[in-house]
Number of protein chains: 2
Amino acid sequence: MLDDRKAAVLRAVVREYIETAQPVGSAHVARTTDLGVSPATVRNEMAALEREGYLAQPHTSAGRVPTDLGYRFFVDQLTGPGALPAVQRQQVRDFFAKAHGELEQMLHDTSSLLSGLTSYAALVLAPPSERATVRSVQVVGLTDRAAMVVVVLSNGTIEKAMLELDADTGDERLAAASTHLSAHLGGTSLTDRTHMPATGDQRLDALVDTVVSAIGDPADREQNHVFVGGASRMAAAFDAVDTVRQVLAILEQQYVVVSLLREVIDHDTVQGIAVSIGTEHGLQSLAECSIVVAPYEIEGEPVGTVGVLGPTRMNYPQAMAAVAVVSERLGRTLSA
Amino acid sequence: MLDDRKAAVLRAVVREYIETAQPVGSAHVARTTDLGVSPATVRNEMAALEREGYLAQPHTSAGRVPTDLGYRFFVDQLTGPGALPAVQRQQVRDFFAKAHGELEQMLHDTSSLLSGLTSYAALVLAPPSERATVRSVQVVGLTDRAAMVVVVLSNGTIEKAMLELDADTGDERLAAASTHLSAHLGGTSLTDRTHMPATGDQRLDALVDTVVSAIGDPADREQNHVFVGGASRMAAAFDAVDTVRQVLAILEQQYVVVSLLREVIDHDTVQGIAVSIGTEHGLQSLAECSIVVAPYEIEGEPVGTVGVLGPTRMNYPQAMAAVAVVSERLGRTLSA
DNA sequence: TCTAGCACTCGGTATCATCGATTGCTAGAG
DNA sequence: CTCTAGCAATCGATGATACCGAGTGCTAGA
């Protein structure tokens, strides 16, 4: 591993580069660290760090820039997320104090909050509906041949699906189906396939079956459950307009974002925070980005994630602090 | 007004500039138009057009670039939207042939479609819920003190609101409220304040009142009803990363987008298409953008709008064609 | 009224020198 | 053996200079 001094030099380079986005020279490091050593010594260390893959030189006569590995070391040696400035802590507290009501609205607002705190794009993954139990199922006729199923879940979200009907399905039958379904699915999760007892009325049973299969289809359920806030801030993080375009294109694909978050959080989470740097995740177009995510918990169970997406030279301690605080408060608010 | 030749020159400059994004010189215009006229003559015309405000010169020895006024003339003299290439027309047809089911999903997909057709950002405004009538109202208890009201509307959308309850409101009372509300609000629009007859049960009446005021609040209803697709394509349209940032920031503010669309469509719609060029609308940060919108109609009534947002040098005929076709097909599909 | 001709303007590009930040290396000090 | 001071070398950034060429405006003549 790296000896103390190398580590200190690397730390200094990363910190400085995060702040200025300019290659960092040996003189600067010698000045800003309190190892009383000369630039020449720092140079030797930096050369070694470059050989070992932690630093890179854009060109011969420039300073050093951290590689993904360099950032990785920097992040791993952090003892924990940084501390958020008092104003920001207060801001988070105020936000969650006022937060109330609809889950989705709240998650959406949370993504704006987090993006504001970090000035990166924020990603908030909603609790999977599998974890919530059914409170009510209702089949509502819209036209002769179309109906809508609305399922209210215990976490305050709603799943809906369209349904095609036989032409002469009466309103009473829809009402009967609603009652029957509410009675038998109530308290279960949408993923459990509870067996539906027959009602004696064949056409009713057929209707009930149609409904069950319509709402059982998890295809679109995954989709609409990620909230991306402050994507425009990615534009400020890069100066190549094409990089911006690629990143935004990714953020528009909800499915990709969801799997990305999943992948990152499954990969390596320490102290409840997972960080993916540069190419560590597979997406080519996000090679210049890092991701910081933390799960949030409802009643002790991790149910969703919040995270930020920023340039690899993001301010990791600050981002980790913001993500940690927000995930914690969000979980607490949702548990109440 | 402009004589024929001036108009032809202006048209040529606009067309060329839209295609190349490079200032257009007199020689080029002389070559590409079939007025058998020399560059010198074109120069005179261009100088005149500049004096009259239709063209501008980035610097003395460059070609001319259209001003907003120039684009305006160009757009106004179009006899109608262009024709979409056959592949694209087919693409639209296929899309709406497969489209089905949920309104919101469909509008969302429509925004992707339109963005794909034009390579600009697409904006789709959902029909205002005022136009739909209530099909069902249901109050579902989530916890002791919180309930959710779910209103299913005739157009297949859902409005929901959270509700605080007195501690000991029983499930039966919630059910009674649901029935009562469905019965009396069914068929009305959410904006009509129907008078609720008393039920004889004071606490039930109080609950019903609470629900009515909760769902009557149109505050958040406006919000979530605009779909922005392909925002990332704005990055390709500009080369200043800061312009991109500003535009994206606007697109993230749903409220602003909604009012913008409203404003544009109210302002000047000809042949069902409204175009706002550059600074014609008020938003400073969209000074380099133009907007093309068209209303779509359900059963002959205009209910929402589709549009695209692109750089002022967008391909107007193509964008107008795409918007026209999509709005027409969307309306037709929703009317079915 | 149009056009040919021509001088002029001015941004873009290439060339070149300079500057300065930074490095790697070497020799010597601790 | 480690550190440092010194020094030559590297290379991008900056700026000056010149040149080219696209494009213009103007004038004179058809």
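A note on names: the letters A, B, ... follow the listed sequences, proteins ahead of strands, and every chain is numbered from 1. Values reported hereafter were calculated over all heavy atoms of this structure, with side chains retained and with hydrogens, waters and symmetry mates removed.
We find that CZ of Arg5(B) is positioned 8 Å from C1' of dC2(C), with the value rounded to whole Å. Going from atom CD of Gln57(B) over to atom C1' of dA22(D) covers 12 Å, rounded to whole Å. As a whole-Å value, the separation of Lys6(B) NZ from dC2(C) P is 10 Å. Note: CE (Met46(A)) to C1' (dA21(C)) measures 12 Å, nearest angstrom.
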Which donor-acceptor pairs under 3.5 Å do side chains of residues 53-63 of chain A form with protein atoms, sequence neighbours excluded?
unit_1, atom_1, unit_2, atom_2, d
Gln57(A), NE2, Thr60(A), O, 2.9
Gln57(A), NE2, Ala62(A), O, 3.4

Determine all donor-acceptor pairs shorter than 3.5 Å in which one atom belongs to a side chain in residues 273-281 of chain A; sequence neighbours excluded.
unit_1, atom_1, unit_2, atom_2, d
Thr279(A), OG1, Asp68(A), OD2, 3.4
Glu280(A), OE1, Arg72(A), NH2, 2.5
Glu280(A), OE1, Ile277(A), N, 3.1
Glu280(A), OE2, Arg72(A), NE, 3.0
Glu280(A), OE2, Arg72(A), NH2, 3.4
His281(A), ND1, Leu283(A), N, 3.3
His281(A), NE2, Gly278(A), O, 2.9

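Under the salt bridge (charged side-chain N to carboxylate O under 4.0 Å, His left out) criterion, no residue pair touches residues 78-88 of chain A, with sequence neighbours excluded.
Glu50(B) pairs by the salt bridge (Lys or Arg N to Asp or Glu O under 4.0 Å) definition with Arg64(B), not counting sequence neighbours. In this structure, the side-chain hydrogen bond (donor to acceptor under 3.5 Å, both in side chains) partners of Ser115(A), at least two apart in sequence or on a different chain, are Arg233(A). With sequence neighbours excluded, the residues satisfying salt bridge (Lys or Arg N to Asp or Glu O under 4.0 Å) with Asp3(B) are Lys6(B). In this view, Asp242(A) and Arg245(A) satisfy the salt bridge (Lys or Arg N to Asp or Glu O under 4.0 Å) rule, not counting sequence neighbours. Remark: Arg5(B) engages Glu45(B) in a salt bridge (Lys or Arg N to Asp or Glu O under 4.0 Å) (not counting sequence neighbours). A search for side chain to side chain contact (heavy atoms under 4.5 Å, CB included) contacts involving Ser111(B) returns Ala122(B), Val124(B), Phe227(B), not counting sequence neighbours.
Of the possible polar contacts, none joining the Gln254(B) side chain to the Val228(B) backbone as a donor-acceptor pair under 3.5 Å is found.
Comparing Glu45(A) and Gly63(B) along DNA chain D, the residue whose closest nucleotide (by nearest heavy atom) sits nearer the 5' end is Glu45(A).
Glu52(B) places none of its side-chain heavy atoms less than 4.5 Å from the side chain of Leu69(B).
dC26(D): Watson-Crick or G-U partner is dG5(C), with both key distances under 3.5 Å.
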Where do N or O atoms of nucleotides 25-28 of chain C meet protein N or O atoms at under 3.5 Å, pair by pair?
none

Contacts under 3.5 Å, N or O only, protein and nucleotides 9-19 of chain C:
unit_1, atom_1, unit_2, atom_2, d
dC10(C), OP1, Thr60(B), OG1, 3.3
dC10(C), O2, Ser61(B), OG, 3.0

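The stretch residues 14-29 of chain A touches DNA chain C through Gly25(A), Ser26(A), each having a heavy atom under 4.0 angstrom from the strand.
Distances from the side chain of Ser38(A) to the nucleotides dG24(C), dT3(C), dT4(D) place dT4(D) closest.
Residue Arg64(B) has no polar side-chain atom (N or O) positioned under 4.0 Å from OP1 or OP2 of dG23(D).
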